[in-house]
Amino acid sequence: MNQLGRTVSYAALALCVACSPESEETADMSLESPAALLVAHRGASGYAPEHTMEAYRLAMEQGADFIEPDLQITSDGVLISLHDLTLDRTTNVADVFPDRFREEQFRGETVRRWYANDFTLEEVRELDAGSWFDERFAGARVPTFSEVIELARGQAGIFPETKAPEVYGDRGFDMERLVLEELEEHGLHRENADPATPVIIQSFSAESLQILRHELGTELTLTFLISGGQEAEAWLSAEGLAEIHEFASGIGPSKGLLLEHAGAVDRAHQAGLTVIPYTFRAGSSGDFPTVEDEMAHFIFDLGVDGLFTNNPDLFPRTPREAGS
Ligand code: G3P
Ligand code: CA
């Protein structure tokens with residue numbers, strides 16, 4: 001697909017939600033509303049081990065507008081692409097480093113955890129991040145953020161997530177600064193630095209985004225993730241959305257929240273925020289017959305601006321594709 005066309009659409013999308021709902025400009029632009037963005041959640045993670053180069057490559061082959069690296073930090077301060085704080089679910093760390101665990105209490109049981117931040121990058125590079133998913137992917141590695149940026153460069157956008165920044169703060173790491181430094185290394189720290197590789201930083205931590213926007217002064221597009229829970233309703237109110245607009249350009253709610261809170265998409269747009277919900281997976285589409293139908297409902301009925309999916313190949317670009 002034409003990635004450049006998609007990234008241009010993103011710029012139009014940002015403009016569209018930023019203009020006043022009453023203005024004539026809004027009415028004109030809504031007639032040409034840009035296509036929704038396909039964000040490959042952890043890469044094409046429905047078909048390849050999440051957060052590996054294999055998953056990201058496949059996502060781009062399947063037409064992803066953005067690939068999504070979740071970020072963790074090694075003991076020597078390198079950002080890596082990994083969802084969990086620990087390496088044990090998605091690598092063979094327990095086999096390679098059998099003694100390097102921490103013991104924790106979990107649901108009344110003592111469990112062993114291998115924290116990514118207890119390992120150097122060189123050690124992380126020894127791990128197999130593919131076999132747990134399928135033996136076909138044996139030998140896949142945990143990539144660095146830098147490697148993911150290089151892979152995406154010129155082909156797709158990147159949508160990095162600051163994961164558990166407070167945990168890393170307690171360990172003496174400044175995740176937000178590291179992210180911006182890495183982007184600067186690649187010349188991507190300014191908005192629209194490379195239209196073929198737009199950057200959107202996301203986080204469940206409002207504080208992390210506030211640091212990025214106000215303390216570190218980034219102009220990059222920021223998206224605030226909202227999961228279910230007590231605070232969600234407050235964030236999705238007109239007042240909550242106005243508060244989010246102080247530090248972010250969009251929201252990334254769980255898809256269930258948008259079904260529970262009618263009008264949340266329109267309210268967010270009126271507040272000048274884009275809406276990109278997560279996570280759409282084949283075989284887990286709730287009351288919808290297929291994930292294509294589910295994604296089509298969110299895009300064409302609710303009017304979201306994009307979505308995170310494990311199945312980029314099933315993303316409906318037009319209403320007709322759904323259910324066909
Ligand atoms: O970042 C959007 C979505 O990925 C949030 O959920 O847990 O998969 O990072 P998670
Ligand atoms: Ca994520």
Side-chain angles (χ1 to χ4, degrees), residues 36-52 55-56 59 64-73 79-90 116 129 132-133 142-143 145 148-149 152 156-168 175-176 179 198-209 212 220-229 231-232 235-236 244 248-259 264-265 268 273-286 291 294-295 298-299 304-312 315:
L37 298 174
L38 192 186
V39 185
H41 179 246
R42 312 183 194 178
S45 57
Y47 312 108
E50 64 185 55
H51 292 309
T52 61
Y56 292 130
D65 298 309
F66 284 79
I67 56 175
E68 189 220 15
D70 292 324
L71 299 176
Q72 308 287 346
I73 307 175
L79 289 165
I80 54 173
S81 182
L82 184 76
H83 178 271
D84 301 356
L85 277 165
T86 55
L87 290 155
D88 25 291
R89 181 176 63 85
T90 55
W132 70 275
F133 186 85
V142 176
F145 182 35
V148 177
I149 296 171
I158 49 171
F159 214 128
E161 179 182 346
T162 59
K163 277 283 183 210
E166 65 288 348
V167 171
Y168 288 103
M175 182 176 261
E176 292 79 15
V179 171
V199 177
I200 304 176
I201 303 176
Q202 46 161 342
S203 189
F204 282 105
S205 165
E207 194 186 349
S208 184
L209 298 179
L212 283 161
L220 289 170
T221 302
L222 306 179
T223 290
F224 181 45
L225 300 171
I226 307 173
S227 61
E231 289 186 354
W235 281 124
L236 293 175
I244 293 169
S249 324
I251 58 170
S254 73
K255 60 186 183 182
L257 275 178
L258 295 186
L259 296 178
V265 176
L273 296 164
T274 56
V275 182
I276 303 182
Y278 68 90
T279 299
F280 294 80
R281 302 176 168 87
S284 177
S285 52
V291 72
E294 185 188 26
M295 290 193 278
F298 278 77
I299 295 168
V304 300
D305 305 293
L307 47 79
F308 290 84
T309 179
N310 294 2
N311 307 92
F315 183 83

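Throughout, residue positions are numbered sequentially from 1 according to the sequence presented. Atoms within a ligand are numbered from 1 in the order they appear, just like the ligands themselves.
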Applying side chain to side chain contact (heavy atoms under 4.5 Å, CB included), run through L273 and F224 and close with a yes or a no.
CA-CA 10 Å; L273 296 164; F224 181 45; over 6 Å; no
Pair N311-Y47, side chain to side chain donor-acceptor pair (under 3.5 Å): steps then yes or no
CA-CA 8 Å; N311 307 92; Y47 312 108; 3.1 Å; yes
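- Across S284 and K255, no two heavy atoms sit closer than the pair O-NZ, 3.3 Å.
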Short N or O contacts of ligand 1 with protein, under 3.5 Å, listed by atom name?
{"unit_1": "ligand 1", "atom_1": "1 (O)", "unit_2": "E68", "atom_2": "OE2", "d": "3.0"}
{"unit_1": "ligand 1", "atom_1": "1 (O)", "unit_2": "E161", "atom_2": "OE1", "d": "3.0"}
{"unit_1": "ligand 1", "atom_1": "1 (O)", "unit_2": "Q202", "atom_2": "OE1", "d": "2.6"}
{"unit_1": "ligand 1", "atom_1": "4 (O)", "unit_2": "H41", "atom_2": "NE2", "d": "2.9"}
{"unit_1": "ligand 1", "atom_1": "4 (O)", "unit_2": "E68", "atom_2": "OE2", "d": "3.1"}
{"unit_1": "ligand 1", "atom_1": "7 (O)", "unit_2": "H83", "atom_2": "NE2", "d": "2.7"}
{"unit_1": "ligand 1", "atom_1": "8 (O)", "unit_2": "H41", "atom_2": "NE2", "d": "2.7"}
{"unit_1": "ligand 1", "atom_1": "8 (O)", "unit_2": "R42", "atom_2": "NE", "d": "3.4"}
{"unit_1": "ligand 1", "atom_1": "8 (O)", "unit_2": "R42", "atom_2": "NH2", "d": "2.7"}
{"unit_1": "ligand 1", "atom_1": "9 (O)", "unit_2": "H83", "atom_2": "NE2", "d": "3.4"}
{"unit_1": "ligand 1", "atom_1": "9 (O)", "unit_2": "E161", "atom_2": "OE1", "d": "3.2"}
{"unit_1": "ligand 1", "atom_1": "9 (O)", "unit_2": "K163", "atom_2": "NZ", "d": "2.7"}

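- Within a 6.0 Å sphere centred on CD of E231, other residues, nucleotides and ligands contribute 12 heavy atoms or fewer.
- Listed by chain and residue number, K163 satisfy the salt bridge (Lys or Arg N to Asp or Glu O under 4.0 Å) test with E161 (two or more places apart in sequence, or in another chain).
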Are Y168 and Q72 close enough, and set up right, to give a side chain to side chain contact (heavy atoms under 4.5 Å, CB included), and what steps lead you there?
CA-CA 8 Å; Y168 288 103; Q72 308 287 346; 2.6 Å; yes
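- Between Y278 and E68 the shortest side-chain heavy-atom distance does not fall below 4.5 Å.
- Rounded to 10°, the angle formed at the Ca ion (ligand 2) by E161 OE1 and D70 OD1 is 80°.
- Taking the N/O/S atoms of E68 in turn, the shortest distance to the Ca ion (ligand 2) belongs to OE2.
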